[in-house]
Asks: 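Below are the structure tokens for one structure; questions will follow.
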Amino acid sequence: MGAYVSNLRSVPSEWASRAYVDAAGHAEKYRRSVAEPEAFWREESACVDWIKPWTKLSDSSFEETDFGIQWFADGTLNVSANCLDRHLTERGDTIAIIWEGDDPSQQRTLTYRDLHQEVCRFANALKMLGTTKGDRVTIYMPMIPEAAVAMLACSRIGAIHSVVFGGFSPEALAGRIQDCDSKLVVTADAGMRGGKQVPLKANVDQALKHCPSVAAVLTVRHVGIDLPMAEGRDHWWHNLRERALPECTPEEMAAEDPLFILYTSGSTGKPKGVLHTTGGYLVWAAMTHHYVFDYRPGEVYWCAADIGWITGHSYVVYGPLANGATQVMFEGVPSYPDHSRFWQIVDRHQVNIFYGAPTALRALMREGDEWVQKTSRSSLRLLGSVGEPINPEAWEWYWRVVGEERCPIVDTWWQTETGAAMITGMPGAVAMKPGSASLPMFGVVPQLVDGDGKVLDDTAEGNLCITQSWPGQMRTVWGDHKRFFQTYFTTYPGKYFTGDGCRRDEDGYYWITGRVDDVINVSGHRMGTAEVESALVAHAKVAEAAVVGMPHEIKGQGIYAYVTLNAGEAASDKVRQELVHWVRHEIGPIATPDVIHFAPALPKTRSGKIMRRILRKIAEGDTSNLGDISTLADPLVVDGLIATKGD
Ligand code: 6R9
């Protein structure tokens with residue numbers, strides 16, 4: 001027995017008997033999902049109402065010659081009808097969304113009937129503004145019910161939404177609008193986070209100076225501030241709402257029609273527009289939500305992710321609403337007004353299932369147990385984690401202090417590209433190991449390979465690939481199908497490469513070790529080092545920049561930027577602040593560099609390639625073993641970097 005087994009936490013007995021699947025059921029379902037996919041998916045895809053049932057399961061190949069991904073292709077359905085209409089007879093008066101504002105005195109509830117009417121009205125408003133099937137709509141919103149309403153309204157009429165996180169700058173927003181040629185932007189006057197206003201509409205106005213494709217802006221009044229409204233272009237939602245009927249026939253969509261685009265960072269170039277389609281995505285989001293969170297009617301579920309990220313798409317909007325859940329939607333931050341906020345919300349709304357990110361847990365853990373202990377949390381029975389590896393210390397704290405050793409923790413590994421949970425715990429079925437995302441979801445076939453692509457069997461550590469398609473897999477990069485193939489299927493031909501490193505133990509459990517490419521994970525947010533570099537070099541004083549991740553106690557990884565200034569520019573704290581401000585302005589606060597290291601020169605090979613391995617080591621403070629530096633054009637550069645660290 002290996003080292004991890006001592007940490008094994010067995011499934012609490014009441015869970016083994018009450019969950020949708022127990023250990024034996026899990027093993028059998030997994031076996032069938034791989035050995036008899038046709039029969040398996042015939043059953044599981046019934047979690048979705050089809051207008052026309054599918055007859056052909058999938059047509060997918062990761063090989064270059066016949067590359068393509070399709071699931072349930074001849075079936076038809078409508079996503080919003082699945083999330084709303086089909087619940088109305090039985091659950092029309094059940095609460096769909098309990099909204100909690102940044103200000104703890106603000107709350108709203110919407111039943112499924114309310115939500116259905118709002119979505120229909122919003123869909124009709126989109127139509128009034130000329131939106132039709134296939135049009136792109138950019139949604140730049142705070143965490144308010146209208147964000148979900150806007151997404152569902154798009155899906156109702158077959159428009160493709162692209163949600164841009166409200167923390168992104170006008171520049172980042174403009175890039176994402178341009179890339180997919182959105183005709184319409186949905187926003188709010190402002191959002192509130194931690195007592196501060198986020199000027200969303202003002203950011204849109206600035207972004208639109210560079211976005212000729214946008215003909216209309218639909219603004220939701222939330223905070224209630226005065227705004228300049230551009231004649232002919234800008235519309236208030238509450239004005240259009242008065243004229244919009246609360247009924248709108250859902251568009252019949254083919255399973256492979258696009259549902260949404262979501263931009264995410266990769267190791268190179270600008271962010272990619274990850275495209276998800278209708279049928280496979282919805283089945284995958286709904287099915288995984290059902291099994292992983294074991295949701296029962298009457299329970300209250302809360303996923304604390306923002307809708308600007310894939311977790312908000314799959315586990316705030318589509319998964320839980322497809323399953324008719326009652327959920328909390330929270331606008332604010334865990335530390336406002338104080339560090340008890342999450343747990344006060346749990347008590348106020350009697351939350352049973354809570355799903356959050358390790359970075360928030362680490363930040364709260366640092367503030368001390370008393371913030372948690374002064375709340376009851378007796379309603380909680382299941383906890384989830386997502387976004388980055390959860391370190392065993394944070395896991396133990398979550399288990400012991402938050403869940404009082406009564407709530408199983410499901411650690412869910414997945415990506416924007418995978419649509420929903422891929423390697424994950426399941427309460428009632430999978431014994432837990434702190435820090436391991438545990439076992440593959442039904443239909444997921446992981447494989448570990450070494451740097452040369454050699455398949456590693458049994459206990460091993462390597463690069464994580466997935467060998468077969470699954471319904472929720474992304475279908476393309478918007479506007480660049482070639483880039484889709486090149487990014488994910490050429491490193492290890494015939495396999496989907498995740499970009500993550502991973503270890504498999506003797507029980508077949510998977511332990512994600514983090515990204516092995518030039519993507520860093522800052523507080524669970526994906527950031528391409530290339531994006532931060534290109535923002536830095538766009539500054540007039542910067543000659544060159546190289547960005548790497550560094551260990552960070554709370555954020556998981558921090559951003560460490562090496563900057564070489566132009567000749568004649570002197571390094572100073574003032575310039576440092578100027579550069580930090582500049583990056584925030586170009587991308588947004590999540591890209592704020594933690595360290596700016598003014599480097600006289602960067603370590604390069606004779607062919608001019610920056611040796612990032614060395615930069616990572618210096619950033620980590622581990623200069624004892626820099627490895628082979630003989631290929632450097634000028635090895636003395638390294639001494640210069642070590643000497644200037646911390647200046
Ligand atoms: C859902 C989401 C994806 C990257 C992924 C990996 C990291 C996510 C994780 C995890 C370890 C987990 N990641 N969940 N690492 N354990 N449970 O976060 O999507 O924003 O695209 O990020 O996040 O490195 O490759 P996305």
Side-chain angles (χ1 to χ4, degrees), residues 163-165 167-168 260-267 271-276 281 284-285 288-289 292 303-316 318-319 355-362 383-392 394-395 398 409-426 430 432-441 444 446 463-466 472-474 477 487-488 491 496-504 509-529 531 549 555-557 590:
V163 181
V164 177
F165 174 55
F168 278 123
F260 66 82
I261 300 166
L262 183 58
Y263 287 87
T264 193
S265 298
S267 43
K272 292 183 286 282
V274 167
L275 184 90
H276 282 288
Y281 171 81
W284 193 238
T288 55
H289 177 265
V292 173
C303 166
D306 193 281
I307 48 122
W309 311 115
I310 189 69
T311 307
H313 283 59
S314 304
Y315 295 120
V316 176
Y318 294 117
Y355 187 34
T359 184
L361 300 175
R362 284 192 298 266
L383 301 170
S385 174
V386 62
E388 54 183 313
I390 180 164
N391 48 311
W395 196 100
Y398 206 18
I409 296 175
V410 285
D411 183 353
T412 62
W413 172 85
W414 57 292
Q415 311 179 295
T416 306
E417 294 88 338
T418 71
M422 297 288 282
I423 296 180
T424 176
M426 215 175 269
V430 179
M432 298 168 277
K433 297 188 187 192
S436 167
S438 44
L439 300 177
M441 177 37 86
V444 173
N463 294 334
L464 177 63
C465 296
I466 312 289
Q473 184 170 24
M474 73 181 281
V477 170
T487 307
Y488 302 101
T491 317
Y496 167 78
F497 176 43
T498 64
D500 278 311
C502 183
R503 185 169 79 213
R504 185 173 46 222
Y509 274 54
Y510 290 82
W511 301 71
I512 306 295
T513 54
R515 301 288 302 200
V516 295
D517 53 10
D518 288 323
V519 171
I520 48 184
N521 192 325
V522 183
S523 301
H525 303 321
R526 262 167 83 162
M527 186 63 47
T529 51
E531 278 167 74
K555 303 185 198 173
Q557 278 189 302
I590 56 169

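Position 1 is the first residue of the sequence; numbering continues from there. Note that ligands are numbered from 1 as they come in the structure, with each ligand's atoms numbered from 1 the same way.
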Asks: Show the nearest heavy-atom pair for residues Arg362 and Asn391, with the distance to one decimal.
Replies: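 Arg362 and Asn391 have their closest heavy atoms at NH1-OD1, 3.2 Å.
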Asks: Using a 3.5 Å cut-off on N or O atoms only, is Thr264 in polar contact with ligand 1?
Replies: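 By distance alone, the answer is no.
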Asks: Side chains of Asp411 and Trp395: donor-acceptor distance under 3.5 Å anywhere?
Replies: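 The criterion, which ignores hydrogens and geometry beyond distance, is not satisfied for Trp395 and Asp411.
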Asks: Pairs of nitrogen or oxygen atoms closer than 3.5 Å, one from Asp500 and one from ligand 1: do any exist?
Replies: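 There is such a contact, yes.
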Asks: So do the side chains of Trp284 and Met422 get within less than 4.5 Å of each other, counting heavy atoms only?
Replies: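 They are in side-chain contact.
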Asks: Taking only heavy atoms of Asn521, which atoms of ligand 1 are found under 4.0 Å from at least one of them?
Replies: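 Heavy-atom distances to Asn521 below 4.0 Å select 7 (C), 23 (O).
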Asks: Please work out, at 4.0 Å between heavy atoms, whether the side chain, the backbone, both, or neither of Ile390 comes within that distance of ligand 1.
Replies: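 Answer for Ile390: neither.
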Asks: Between Ser314 and Ala420 (side chain of the first, backbone of the second, donor and acceptor by atom type, cut-off under 3.5 Å), is there such a pair?
Replies: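 Not confirmed, Ser314 side chain does not pair with Ala420 backbone.
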Asks: Could you check atom 11 (C) of ligand 1 against the protein and tell me its nearest heavy-atom contact, residue, atom and distance included?
Replies: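 The answer is Pro389 N, 3.1 Å.
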Asks: Look at the aromatic rings of Phe260 and Tyr281 and report parallel, tilted or perpendicular, splitting at 30° and 60°.
Replies: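 Aromatic pair Phe260/Tyr281 classed perpendicular.
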Asks: Determine, using heavy atoms of Trp309 and all atoms of ligand 1, whether some pair is separated by less than 4.0 Å.
Replies: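 Distance cut 4.0 Å: Trp309 fails for ligand 1.
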Asks: If you measure from atom 21 (O) of ligand 1 to every heavy atom of Val410, Asp411, Thr416, which option wins on shortest distance?
Replies: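 Nearest option to atom 21 (O) of ligand 1, by heavy atoms: Thr416.
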Asks: Check if Gly514 has a non-hydrogen atom at a distance under 4.0 Å from any atom of ligand 1.
Replies: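 No, that is not the case, since the closest heavy atom of the residue is not under 4.0 Å from the ligand.
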Asks: Hey, is Thr311 touching ligand 1 through its side chain, its backbone, both or neither, going by heavy atoms under 4.0 Å?
Replies: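 For Thr311, the contact with ligand 1 is made by the side chain alone.
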Asks: I want to check something: taking the side chain as every heavy atom from C-beta on, are Tyr488 and Ile466 in contact at a cut-off of under 4.5 Å?
Replies: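 Side-chain contact under 4.5 Å: no.
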Asks: What protein heavy atom sits nearest atom 2 (C) of ligand 1, and how far away is it?
Replies: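 Heavy-atom neighbour on the protein nearest atom 2 (C) of ligand 1: Trp414 O, 3.6 Å.
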Asks: Please check whether Glu417 reaches ligand 1 - meaning an N/O of the residue sits under 3.5 Å from an N/O of the ligand, judged on distance alone.
Replies: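 Min N/O separation from ligand 1 is not below 3.5 Å for Glu417.
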Asks: Side-chain contact test, heavy atoms from C-beta onward, threshold under 4.5 Å: evaluate it for Val274 versus Tyr263 and give yes or no.
Replies: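 When only atoms from C-beta onward are counted, Tyr263 and Val274 do not touch, as no gap falls below 4.5 Å.
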Asks: Using a strict cut-off of 4.0 Å, indicate which atoms of ligand 1 neighbour a heavy atom of Thr412.
Replies: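 Taking each heavy atom of Thr412 in turn, ligand 1 has 9 (C), 12 (C), 14 (N), 17 (N) under 4.0 Å.
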Asks: Do the non-hydrogen side-chain atoms of Ile423 and Leu464 ever get within less than 4.5 Å of each other?
Replies: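 Sidechains of Leu464 and Ile423: in contact.
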Asks: Within a strict 4.5 Å, meaning less than it, do heavy atoms of the Ile590 and Met527 side chains meet?
Replies: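 Touching, per the 4.5 Å side-chain cut-off.
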Asks: Between Gln415 and ligand 1, does any nitrogen or oxygen pair lie at a separation below 3.5 Å?
Replies: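 Right, the criterion is met.
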Asks: Could you check whether any side-chain heavy atom of Tyr315 comes within less than 4.5 Å of a side-chain heavy atom of Tyr355, counting everything from C-beta outward?
Replies: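 In short, these two side chains touch, coming nearer than 4.5 Å.
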Asks: Atom 22 (O) of ligand 1: which protein heavy atom is closest, and how many Å away?
Replies: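 The protein heavy atom lying closest is Arg526 CD, 3.2 Å.
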Asks: Of the protein's non-hydrogen atoms, which lies at the shortest distance from atom 23 (O) of ligand 1, and what is that distance?
Replies: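 Ranking protein heavy atoms by distance from atom 23 (O) of ligand 1, first comes Gly387 O, 3.2 Å.
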Asks: List ligand 1 atoms under 4.0 Å from Ile310, heavy atoms only on the residue side.
Replies: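 In order of number, 1 (C), 19 (O).
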Asks: Record the part of Glu388 in heavy-atom contact with ligand 1 below 4.0 Å; permitted values are side chain, backbone, both and neither.
Replies: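 Looking at Glu388 and ligand 1, just backbone atoms fall under 4.0 Å.
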Asks: Side chain, backbone, both or neither: which applies to Ala437 and ligand 1 if a contact is any heavy-atom pair less than 4.0 Å apart?
Replies: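 No part of Ala437 is near ligand 1 at this cut-off.
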Asks: Check whether any side-chain heavy atom of Thr288 sits under 4.5 Å from a side-chain heavy atom of Trp414, and report yes or no.
Replies: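 The answer is no, as the side chains (C-beta and beyond) never meet within the 4.5 Å cut-off.
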